Trainee: 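For reference, the structure I am asking about is given below.
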Number of protein chains: 2
Amino acid sequence: MTALKYSRQREAIKNYLMATKEHPTADIVYLHVKEEFPNISLGTVYRNLNLLTDIGEALKIPSPDGADRFDGNALPHNHFFCTTCGRVLDLDLDIKKLEEINTSASENFDGKIESSSIAFYGKCGKCISRQN
Amino acid sequence: MTALKYSRQREAIKNYLMATKEHPTADIVYLHVKEEFPNISLGTVYRNLNLLTDIGEALKIPSPDGADRFDGNALPHNHFFCTTCGRVLDLDLDIKKLEEINTSASENFDGKIESSSIAFYGKCGKCISRQN
DNA sequence: CTGGTTGCAAAAGATTTGCAACGGC
DNA sequence: GCCGTTGCAAATCTTTTGCAACCAG
C-alpha cells in the first residue's frame, strides 16, 4: 500500500464529481476540470477517476454504448438509464426492499453476495413530454 | 426495416452463445466460432452479436473492466460478478420480488420504467473455497 | 438479379502507460 | 530528497466501418 499524496487536480476532479448529478464520462470531467486547470491532461483525469473508484470515493458505471460514467456518490444507490436520450439518473429505493433482494438472492446462490446495484431502463420524464 | 437473411456464421454464433453459460466476450465467441469457420472475422462476430442483441435474441452485458460480455439467454434474469476472478454467473430471483422492485421504483420516479436488471457483487463459490 | 452478409484492413473511440519534469511532505 | 503525481504522447484495447466479393432468396 503506497501513501496517498494530495494533489490539486485530484481535489478538483473529486469536487466536480460530487457537485454534479450528471454521471459524467471521463471526457466530460476532463472538459470541466480543464476550466480550472487548463493544462490538465486526460490521462490524469483517468488516473484519478480510477484511483477514486479504487478507494471507494466514486463509482464507475459501465455503459453498454459508449464510455464509462462516473458517480461522485459512492453510497449504495441505483440508476435509471434513459433508452431514448442516454441520460443516467439516480433512483432511490426503499432500503428494506434492497436488503430483501440480497437476502433472497443469497438463498439459491453458491457464493457470498456483498453488494448489488439495480439498473432500470425506460424513458425519462423529459423524453416522454418531448414526444407528445 | 430490412429483411434478415440466413447466414451460417450467425447461426454458429447464436448456437455457441446459447450453449455456454460463460457470458463470453466478443473475442471469446470469435475464438470458438473460428474452430468451425476458420475464416470468420472478428468484425462479423461483432456485427452479429450486435444484431442478435438488437432483435432481442441476446443480451449485451457491459463490464466495468474490459470488454462487454454477451448472454444467449435473453429472458430477464440477473447476474453475479465475482470481484475476485471476474466470472459472471447467472442468478435467478423470484419474479414477484422483481415486479415489486419495478413498482416500488416507479413510485418516486418521473418517467417510465420498462425493465430492470440487478448486478450482484461478491465472491463466487470457487473463489471462496480456493481461499481456504 | 437484389440486397443482406462476409472477410479484411483501416479507422475510430476509450483507456492505459512510459517517461521526464514537478510538487507534497 | 524521496516518491507520488502530472502532462504529454505513444501504445493498447475494444468496437465499428468502408469496400469489394459472396451468397441467400
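Treat the numbers as computed from the prediction; the structure is a model and nothing was measured. So you know, we letter chains A, B, ... as the sequences are listed, proteins then strands, and number each from 1. Side chains are part of it too, since the values below use all heavy atoms of this structure and drop only hydrogens, waters and symmetry mates.
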Trainee: When Ile, Leu, Val, Met, Phe, Trp and Tyr are grouped by side-chain heavy atoms lying under 4.5 Å apart, directly or through other members, which residues fall in the same group as A:Leu91?
Mentor: A:Phe80, A:Leu89, A:Leu93, A:Leu98, A:Ile101, A:Phe109, A:Ile113, A:Ile118, A:Phe120, B:Phe80, B:Leu89, B:Leu91, B:Leu93, B:Leu98, B:Ile101, B:Phe109, B:Ile113, B:Ile118, B:Phe120
Trainee: For the backbone of B:His23 and the side chain of B:Arg69, can you confirm whether one donor and one acceptor N or O come within less than 3.5 Å of each other?
Mentor: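 Flag set: sc B:Arg69 to bb B:His23 pair under 3.5 Å.
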Trainee: How close do A:Ala12 and A:Val33 get, counting heavy atoms only, and between which atoms?
Mentor: CB-CG1, 4.0 Å
Trainee: By salt bridge (charged side-chain N to carboxylate O under 4.0 Å, His left out), which residues pair with B:Lys14, not counting sequence neighbours?
Mentor: B:Glu57
Trainee: Given the rule in the side-chain contact (heavy atoms from CB on, under 4.5 Å) test, do B:Glu22 and B:Ile28 qualify, once you have shown the distances and angles that lead to the verdict?
Mentor: CA-CA 10 Å; B:Glu22 296 299 317; B:Ile28 295 194; over 6 Å; no
Trainee: Within residues 53-70 of chain A, which residues have any heavy atom lying less than 4.0 Å from an atom of DNA chain C?
Mentor: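 Going residue by residue through residues 53-70 of chain A, the ones with a heavy atom under 4.0 Å of DNA chain C turn out to be A:Ala67, A:Asp68.
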Trainee: Only one of B:His32, B:Glu11, B:Glu36 forms a side chain to side chain donor-acceptor pair (under 3.5 Å) with B:Tyr16, so which one is it?
Mentor: B:His32
Trainee: Might you confirm whether atom CG of A:Leu4 has over 12 heavy atoms from other residues, nucleotides or ligands at distances under 6.0 Å?
Mentor: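 Enclosed: over 12 neighbouring heavy atoms sit under 6.0 Å from CG of A:Leu4.
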Trainee: Of all of residues 17-29 of chain A, which get a heavy atom below 4.0 angstrom from DNA chain D, listed by number?
Mentor: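 Nucleic-acid contacts, sorted: none.
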Trainee: Shortest non-hydrogen contact from B:Gly72 to B:Met18?
Mentor: O-CG, 4.0 Å
Trainee: Is the backbone N or O of A:Lys126 less than 3.5 Å from a side-chain atom of A:Ser129, with the two atoms forming a donor-acceptor pair by type?
Mentor: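 Pair found, side chain donor or acceptor close to backbone of A:Lys126.
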Trainee: Under 4.5 Å between side-chain heavy atoms, hopping through other hydrophobics if needed: is there a path connecting B:Ile13 to B:Leu59?
Mentor: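 B:Ile13 does not cluster with B:Leu59.
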Trainee: Pull out every protein N or O sitting under 3.5 Å from an N or O of nucleotides 20-25 of chain D, one pair per line with the distance.
Mentor:
{"from": "D:dA24", "atom 1": "N3", "to": "B:Lys5", "atom 2": "NZ", "distance (Å)": "3.1"}

Trainee: Angle between the two end axes of the helix from C:dC1-D:dG25 to C:dC25-D:dG1, five base pairs per end, rounded to 10 degrees?
Mentor: 40°
Trainee: Identify whether A:Ile61 and A:Leu49 are in the same connected component of the hydrophobic contact network (ILVMFWY, side-chain heavy atoms under 4.5 Å).
Mentor: no
Trainee: Any ring-ring contact (aromatic ring centres under 6.0 Å, His included) pairs touching residues 38-77 of chain B, not counting sequence neighbours?
Mentor: B:His77-B:His79
Trainee: So if I take residues 37-52 of chain A and measure heavy-atom distances to DNA chain C, which residues fall below 4.0 Å?
Mentor: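 Residues of residues 37-52 of chain A that come under 4.0 Å of DNA chain C are, in numerical order, A:Leu42, A:Gly43, A:Tyr46, A:Arg47, A:Asn50.
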Trainee: Quick one: pull up CG in A:Leu31 and CD1 in A:Ile40 and give me the separation to the nearest 0.5 Å.
Mentor: 11.0 Å
Trainee: Mind checking what makes ring-ring contact (aromatic ring centres under 6.0 Å, His included) contact with B:Phe81, not counting sequence neighbours?
Mentor: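 Result, ring-ring contact (aromatic ring centres under 6.0 Å, His included) vs B:Phe81: B:Tyr121.
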Trainee: To check you understand the geometry: which heavy-atom pair defines the closest contact between B:Asn48 and B:Arg10, and what is its length?
Mentor: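 Looking at all heavy atoms of both residues, the closest pair is OD1-NE, 2.8 Å.
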Trainee: A:Ser117: what forms a side-chain hydrogen bond (donor to acceptor under 3.5 Å, both in side chains) with it, not counting sequence neighbours?
Mentor: none
Trainee: Could you list where the contact with chain B starts and ends along DNA chain C, reading 5' to 3', using a 4.0 Å heavy-atom cut-off?
Mentor: C:dG3 to C:dC8
Trainee: Using the test ring-ring contact (aromatic ring centres under 6.0 Å, His included), find all partners of A:Phe37 that sit at least two apart in sequence or belong to another chain.
Mentor: none
